[in-house]
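Residue indices begin at 1 and follow the sequence shown. The shown structure was predicted, so the numbers you read here are calculated from the model rather than taken from an experiment. In what follows, every heavy atom counts, from backbone to side chain, and hydrogens, waters and symmetry copies are set aside.
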Amino acid sequence: MATQLVTKLRLAAKSLPSKVFMCSGGSSGLDLGRRLPLQAMHVRRALSTQVQESFMSGGNSVYVEEMYRAWLKDRGSVHKSWDAYFSALEAGQTENAFVPAPGLQTAVSVPGPDIAPRTIVSDSLGLSYLIRAYQFRGHEAANLDPLGLHSFRPANPPPELDYKYHGFSDDDLDRVLNLKGSHKGGHKGFLYDLAKGKPVTLRKVMDTLRQTYCQTLGVEYMHMGSRDKCNWIRARVETPLWLSYSKEKKLHIFERLAYADHFERFLGNKYNTAKRFGLDGGESVIPGLKMMIDRASEMGVTDFVFGMPHRGRLNVLVNVLRKPMQLMFQEFQVRKSEEVAGVSSGVGGFNTVVGGKTRAKQFYMGDRSEDTKKVIPVLMHGDAAFAGQGIVYETMQLAKVREFATGGTIHIVVNNQVGFTTDPSSSRSTRYCTDLGKAFDIPIFHCNGDDPLSVTTAFELAVDWRQAWGEDCIIDVVCYRRHGHNELDQPLFTQPLLYSQIQKHPSTLEIYHDRLMKDGTATEAELQAITAEVHAAYDKAFEESKTWQAAKDDWLSSKWDGFKSPGQRSRVRETGIHADRLREIGAKIGSVPEGFVLHRQLEKILAARRKTVEEGKGIDWGTAEALAFGTLLLEGNHVRLTGQDVERGTFSHRHCVLHDQKTNETYTPLNHIRPQITNVRSTRDPPIPNSQARFIARNSILSEYGVLGFELGYSLENPNNLTLWEAQFGDFSNGAQVMIDQFIASGENKWLRQSGLVMLLPHGYDGQGPEHSSCRPERFLQMVDEDEDVIPPMGEEERQQIQHTNWQVVNCTTPANYYHVLRRQVHRDFRKPLIVIAPKNLLRHKLAVSNLEDMGEGTRFRRIEREKCPDIRAHHEKVTKVVFVTGKIYYELFQEREARGIKDTAIVRIEQLAPFPFDKVADELSRYPNVQKVVWCQEEPKNGGAYFYCAPRIRTASRDILNKDLQPIYVGRAPMAAPAGGLAKVHAKEQQGILDGVFAL
């Protein structure tokens, strides 16, 4: 075929121009969507200096053969000129067979009759590279630093932004560019507009590119893999309307900037010795936030959930979130400044808390796509924290995970260009503090904090993006910190050059004031009138603060109607439920739809669940938990459970989400108890007949810190839910220690916000080594705000012990008690975090089972489990030793005592460790009048576990209630650096030593 073609082509050669340059592709136009050579200027020169080949010599013959083969397979695959040419050849016509393609004419040398051949040069390739260079890297030359230092980037801009890099010269600046052909690559923006063939000079292109990408707003977006998303950005920034503003908008921004500026000045004058962590140097963030909220409100957004660090918090509270100025001034007058600003909550720790609260709001609105758009999470960061804190990565990793996605978070970095005393060169390895965003394919808007117009544009663009794409975006407000880390700090110690520059730098308000005057937007009188109004507003609020009375529904008031504060007594309630209701739930949790293919082992597990509930005996841990969840769902309470393996359970005990073995489709029995699922939004909403609330069980990303924070935020939104987080192993909570310390343990004390969050922490010494044995209960007990020497009122009609404690810690030993403690979390009119020291060994222990009657009507959670042996209870006068324990060690002691036939030792289980059951401990001790020894037994080392917490409280209970001084004797492992040993044999020997130690005393 090739020989036949060559022969035909040679016969037809005289129909072609004597010299022609053949493009190396089948398209007649410049395909800008394809990846072109690295140095476009070399290609451009080649178009004008290429040594021309005869049509059938060298590489051209190979090219034509390729085109001919393609034509034989599909005539539509080549340009119509080639189609006409090959058709003519096939028909035997060789005269004038070749018609040049339109795109080739820009590169065809046409000899005239009396003049030398000339080449028409195309500028398309070089220009496309120039434009793309600005789209990719224009932000690197943008005027972003108010101080003009730009220490975060090289001194010289990228060479790709110079037109000479792409083969142009100074002589080309005012020449009309030759842009022949058409572009159909699907791109929007400059490339698309220039392809329309409108006359344009290189100078005009350069001016437009610099105006768009290199002013005080640098848009970084070309790292995104989606052409549609890049087009969306280009359609908004590559337009003549970009960065244009009306007089009305400019003055509105000036007014809001004046409020932000004067707020800091006012506080500085009135309270000059207070640490307020002001926004000085970054005031333009305030008008940016206000414009963002205005824009979002126009788009139907009803709720924003804000999270931010200490810097600028007061300014945002007053000028954005509308905390009354009178209340703010009043707090300065009566409290320490640190209390006004709020106790630092750990750098960035609030990130996922905001995400969880946002997700809960969207859920209770109806959990529809339109509800996702109605609630926007906004996270404000410092530059050092955004680059350095892993919680930022965890937050962004959750952004698209099912049941964690919130439809996009707007991240705002108040970029002070310093972290406390650390320069950017020491706080990150990347050019920008925001480079993490590139890993998640989201746009980044860098703006100069001294240009409020660019800042507000970035904020408006961010909310437009979030609503259009449902994804995160980042605003990097490059500003400065006028004072040190706080107003009393001396920054010249560590940043002398930076702060020498800052001291000479005018304020953002002054710069913007002069700009409005210079461009003729406003007169001096107009601007002075605005600032005078702002001054008057602050003066008036300050005077009013002296007699200000906060309204009941003020900004800090809880919206949980009917719930008690710590000062209001809440009665103890029963948590049992009628056996028929439990059997109804038991039948559902043990069934799957017809045709659903279960694993054979799961068939047995579900059948056992149905049987034990129906018979009312031998109910295990997983079944009791499902019954607790099911009863709450039928009462209209939403239940949400997350963690790394919660659907199946780390120890394969839960199985609340089932998988079809043939299709992998999932089925959640707890969502099919009743035919209709509803969301209860208020404490006053009664359950809808024949309906239930929704149950969510979702495996999470491999994160503790971030996911626990998310669930905390979720629990804060609505009290009518049970929100649980389960660690894969209890010691994995180590990774969330910041969240535990800064938020869960102290959140109500710091922010007056109640949470009923449940933490399930698998714990138990089974010989698995130091990493999977202990949930470190001593840490949680150490943080309980309870005095070991003071017994509060313990009568049922006066007891407020739990309300006055920061959280509860339980270590249940029966499925029924676990069932009750979960239901108790919801069935009371206040909320407290609950730490459950969850079992591993007991999940299938033959003795750790309960009967249905233990969960029926008239039952409740037991803070202590009494001695269970009938003989010992009947002959209590023979008991000389009482052993207090908590957790699964009880069953080992029980079996050992039975094996030894001991009858003078009573074993009492403390199920609720905190707050401590002083009254119940005293009751148990009083049952045994002849007791001589009191023992505390635990598996954990002496410097861990509950010994240090319980021992002094047992002594207080015996001394203050029984008038006896009973000091518990310790029996357990010796103090250890690690929580457990690493060898199974050593573990078994230590465990036996504990048993021997108890009964040898």
Side-chain angles (χ1 to χ4, degrees), residues 143 146-148 211 215-217 240-272 278-295 297-298 312 314-326 328-329 447-460 477 479-480 482-483 502-545:
N143 177 21
L147 305 175
Q211 179 65 29
Q215 294 303 305
T216 52
L217 178 51
L241 298 178
W242 178 240
L243 302 180
S244 61
Y245 314 88
S246 66
K247 175 179 178 177
E248 180 184 12
K249 186 169 185 177
K250 288 181 179 180
L251 291 181
H252 195 188
I253 292 172
F254 180 82
E255 179 187 20
R256 288 173 165 177
L257 182 64
Y259 268 102
D261 177 273
H262 292 357
F263 178 82
E264 301 297 348
R265 294 175 186 267
F266 195 90
L267 291 183
N269 291 333
K270 296 293 184 181
Y271 311 104
N272 56 8
L279 196 57
D280 311 71
E283 295 94 342
S284 60
V285 169
I286 299 300
L289 287 170
K290 296 285 285 183
M291 288 295 185
M292 177 188 73
I293 292 174
D294 291 347
R295 182 65 146 270
S297 299
E298 294 170 358
L314 305 185
N315 210 320
V316 171
L317 285 173
V318 169
N319 286 313
V320 178
L321 304 183
R322 298 184 180 180
K323 177 177 180 178
M325 287 189 286
Q326 298 90 336
M328 178 66 72
F329 295 144
C447 47
N448 187 318
D450 265 357
D451 185 356
L453 298 180
S454 291
V455 172
T456 55
T457 299
F459 277 75
E460 291 175 333
V477 184
C479 51
Y480 57 92
R482 185 164 291 278
H483 306 289
I502 290 174
Q503 288 175 347
K504 298 180 293 184
H505 193 72
S507 71
T508 304
L509 184 64
E510 292 170 336
I511 293 172
Y512 189 50
H513 173 281
D514 294 344
R515 176 179 176 179
L516 295 180
M517 293 279 293
K518 183 177 181 180
D519 64 17
T521 299
T523 65
E524 180 68 29
E526 288 177 300
L527 300 180
Q528 284 185 353
I530 293 173
T531 55
E533 181 181 341
V534 173
H535 274 298
Y538 282 121
D539 287 335
K540 181 183 179 193
F542 181 76
E543 290 302 317
E544 292 175 346
S545 69

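Interatomic distance, CG of L509 versus OG of S284, reported as 11.0 Å (0.5 Å rounding). To the nearest 0.5 Å, atom OG1 of residue T523 and atom CD of residue Q528 are 8.5 Å apart. The line from NE2 of H513 to CG of L257 is 11.5 Å long, rounded to the nearest 0.5 Å. Residue E298 holds its CD atom at 7.0 Å from CZ of R295, rounded to the nearest 0.5 Å. Between atom OG of residue S297 and atom CE of residue M292 there is a gap of 9.5 Å, rounded to the nearest 0.5 Å. Annotation: the span from H505 atom NE2 to L147 atom CG amounts to 5.5 Å, rounded to 0.5 Å.
Between the E283 side chain and the G281 main chain, a donor and an acceptor come within less than 3.5 Å of each other. Panel note: side chain E264, backbone L279; a donor-acceptor pair is recorded below 3.5 Å. A donor-acceptor pair is defined here as one N or O able to donate and one able to accept, closer than 3.5 Å; no such pair exists between the side chain of R256 and the backbone of G288. Between the side chain of Y245 and the backbone N or O of L453 there is at least one donor-acceptor pair closer than 3.5 Å. With Y512 contributing its side chain and K250 its backbone, the two residues share a donor-acceptor pair below 3.5 Å. Using modelled atom types, one side-chain atom of Y538 and one backbone atom of Y259 make a donor-acceptor pair closer than 3.5 Å.
Annotation: side chain of V320 is not in contact with side chain of N315 (no heavy-atom distance under 4.5 Å). Side-chain contact between K518 and R515 is absent, with no heavy-atom pair separated by less than 4.5 Å. Within the 4.5 Å cutoff, the side chain of D450 has heavy atoms near those of the Y480 side chain. Taking the side chain as every heavy atom from C-beta outward, E255 and K290 never approach each other to under 4.5 Å. The side-chain heavy atoms of M291 and H252, taken from C-beta on, include a pair separated by under 4.5 Å. Looking only at side-chain heavy atoms (C-beta outward), S454 and N448 stay at 4.5 Å or farther from each other. Looking at P452 and T508, their side chains come closer than 4.5 Å, going by heavy atoms from C-beta outward.
Residue K249 qualifies as enclosed at atom NZ: its count of foreign heavy atoms under 6.0 Å is above 12. Within a 6.0 Å sphere centred on CD of E248, other residues, nucleotides and ligands contribute 12 heavy atoms or fewer.
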(request) Decide yes or no on side chain to side chain donor-acceptor pair (under 3.5 Å) for N143 and T216, but give the supporting numbers first. (result) CA-CA 5 Å; N143 177 21; T216 52; over 6 Å; no
(request) Mind running side-chain contact (heavy atoms from CB on, under 4.5 Å) on I286 and F263 for me, showing each step along the way? (result) CA-CA 11 Å; I286 299 300; F263 178 82; over 6 Å; no
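Of all the heavy atoms in G449 and C479, the pair that sits closest is CA-CB, 4.4 Å. In terms of heavy atoms, A541 sits closest to Q326 at O-CG, 3.5 Å. Annotation for A458 and L217: closest pair CB-CD1, 4.0 Å, computed over non-hydrogen atoms.
Ion pairing between a basic and an acidic side chain is recognised when a charged N comes within 4.0 Å of a carboxylate O; D261 and R265 show such pairing.
Using cut-offs of 30° and 60° on the angle between ring planes, the pair F266 and F329 is tilted. Between H262 and H535, the ring planes are parallel. Angles under 30° get that label, and only those over 60° would be called perpendicular.
Looking at L516, D514, T521 one by one, the single match for side-chain contact (heavy atoms from CB on, under 4.5 Å) with L527 turns out to be L516.
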